[in-house]
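What follows is a short report on a single structure.
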Amino acid sequence: MLVRTMKNPRSIDMVKTEPLRRLASLDPRCLGEMLDYRLYLTYRDCGYVTERLLRTEFGVNRRRWRIIAIVHQLEGATLSDIAEGAELDKAQASRTVGTMVREGFLKRLSNPDNARFAKIIFTDKGRELYDAILARYREANISLVASLTYDEIAMLDGILEKLRQHSTLLMSPH
């Protein structure tokens, strides 16, 4: 069986144990068993539910929602900070923020010392949109995990965080 040992947390070593059923994540034999592909399919399928909600009820795509959510989290931040928080390139973030400013959801507060460091804030209209989307998004989120027990949800949260932390470690230069 494959297990992670403490002597080298970056590798999985073979250890003699009782035979267990084959786990696709430890012994993937096709694309459909690869962890990243399985996570992608989950993201795609769950994302379809939330994307449909955003588009049909609010006329917003995922990129706009990420910008809205990050502006709420970092209100008064610069465009660069918002792009980084939303994991978008600066050009995408700039176009989306610009459109949302023209539509009256966001406002730029200029910095007299340096125009590149304008602060982005919500208008009342933008804050109302955020509140409405968040309420519906929370309902959708609860629906997506409805088939799981409380303990499974807690485990899922922990596993997802652990996978993100470990993948970050694997991406870092050695």
- Note on the structure: Value for CE (M171) from OG (S167), rounded to nearest 0.5 Å, stands at 5.0 Å
- Partners meeting side-chain contact (heavy atoms from CB on, under 4.5 Å) with R38 (sequence neighbours left out): A24, S25
- Least distance between heavy atoms, I67 atom then I82 atom: CD1-CG2, 3.8 Å
- Item | From V97, V101, T78, residue fulfilling side-chain contact (heavy atoms from CB on, under 4.5 Å) relative to I120 | V97
- Take N141 and T50 through the test side-chain contact (heavy atoms from CB on, under 4.5 Å) and record every step on the way to the result. CA-CA 8 Å; N141 199 73; T50 54; over 6 Å; no
- Starting at CG of L148, measure out to OH of Y150 and round the result to the nearest 0.5 Å. 13.0 Å
- Closest heavy-atom pair and its distance - D81, L74: O-CD1, 4.0 Å
- For Y137, ring-ring contact (aromatic ring centres under 6.0 Å, His included) partners two or more places apart: W65
- Task: Examine L144 and Y48 and state if one hydrophobic cluster contains both, with Ile, Leu, Val, Met, Phe, Trp and Tyr joined whenever side-chain heavy atoms are less than 4.5 Å apart.
- Result: no
- In terms of hydrophobic clustering (I, L, V, M, F, W, Y; side-chain heavy atoms under 4.5 Å; direct or indirect links), are L134 and L54 co-clustered? yes
- residues 70-79 vs salt bridge (charged side-chain N to carboxylate O under 4.0 Å, His left out), sequence neighbours excluded, gives E75-R127
- Task: Check step by step if side-chain contact (heavy atoms from CB on, under 4.5 Å) holds for L79 and F117.
- Result: CA-CA 7 Å; L79 181 63; F117 294 107; over 6 Å; no
- Message: Could you check whether any side-chain heavy atom of D157 comes within less than 4.5 Å of a side-chain heavy atom of E161, counting everything from C-beta outward?
- Response: no
- Task: Would you please name every residue forming a side-chain contact (heavy atoms from CB on, under 4.5 Å) with E51, sequence neighbours left out?
- Result: R55, N61, R62
- Criterion side-chain contact (heavy atoms from CB on, under 4.5 Å) on Q165 and L169, from CA distance to verdict: CA-CA 6 Å; Q165 288 176 3; L169 173 73; over 6 Å; no
- Residues forming a side-chain contact (heavy atoms from CB on, under 4.5 Å) with R29, sequence neighbours excluded: R22, D27, E33
- Task: Give the ring-plane orientation class for Y130 versus F122, where under 30° counts as parallel, over 60° as perpendicular and anything between as tilted.
- Result: tilted
- Task: Report the C-alpha separation of R136 and E57 in whole Å, then their side-chain angles, then the decisive distance to 0.1 Å, and conclude whether the salt bridge (Lys or Arg N to Asp or Glu O under 4.0 Å) test is met.
- Result: CA-CA 9 Å; R136 287 292 291 127; E57 294 186 29; 2.6 Å; yes
- Between A118 and S110, what is the shortest heavy-atom contact and its length? CB-CA, 4.2 Å
- Query: Checking T96 side chain against A93 main chain: does a donor-acceptor pair fall under 3.5 Å?
  - Reply: no
- Item | Pairs flagged by salt bridge (charged side-chain N to carboxylate O under 4.0 Å, His left out) wherever residues 95-112 is involved - sequence neighbours left out | R64-E103
- Can I121 be reached from I70 by stepping across I, L, V, M, F, W or Y side chains whose heavy atoms are under 4.5 Å apart? no
- Do you know which two heavy atoms are closest between K125 and G104, and how far apart they sit? CB-O, 3.6 Å
- Smallest separation among heavy atoms of K119 and G76, with atom names: CG-O, 3.1 Å
- Message: Let me confirm one number: the CG-CZ distance from D124 to F105, rounded to the nearest 0.5 Å.
- Response: 12.5 Å
- Examine L23 and M155 and state if one hydrophobic cluster contains both, with Ile, Leu, Val, Met, Phe, Trp and Tyr joined whenever side-chain heavy atoms are less than 4.5 Å apart. no
- Query: Take atom CZ in R44; do more than 12 heavy atoms of anything else shown fall under 6.0 Å from it?
  - Reply: yes
- Task: Answer with yes or no whether the hydrophobic clustering places L31 together with L41; edges join I, L, V, M, F, W, Y residues whose side-chain heavy atoms lie under 4.5 Å apart.
- Result: yes
- Intermediate values then yes/no, side-chain contact (heavy atoms from CB on, under 4.5 Å), E152 and V145: CA-CA 9 Å; E152 288 170 331; V145 296; over 6 Å; no
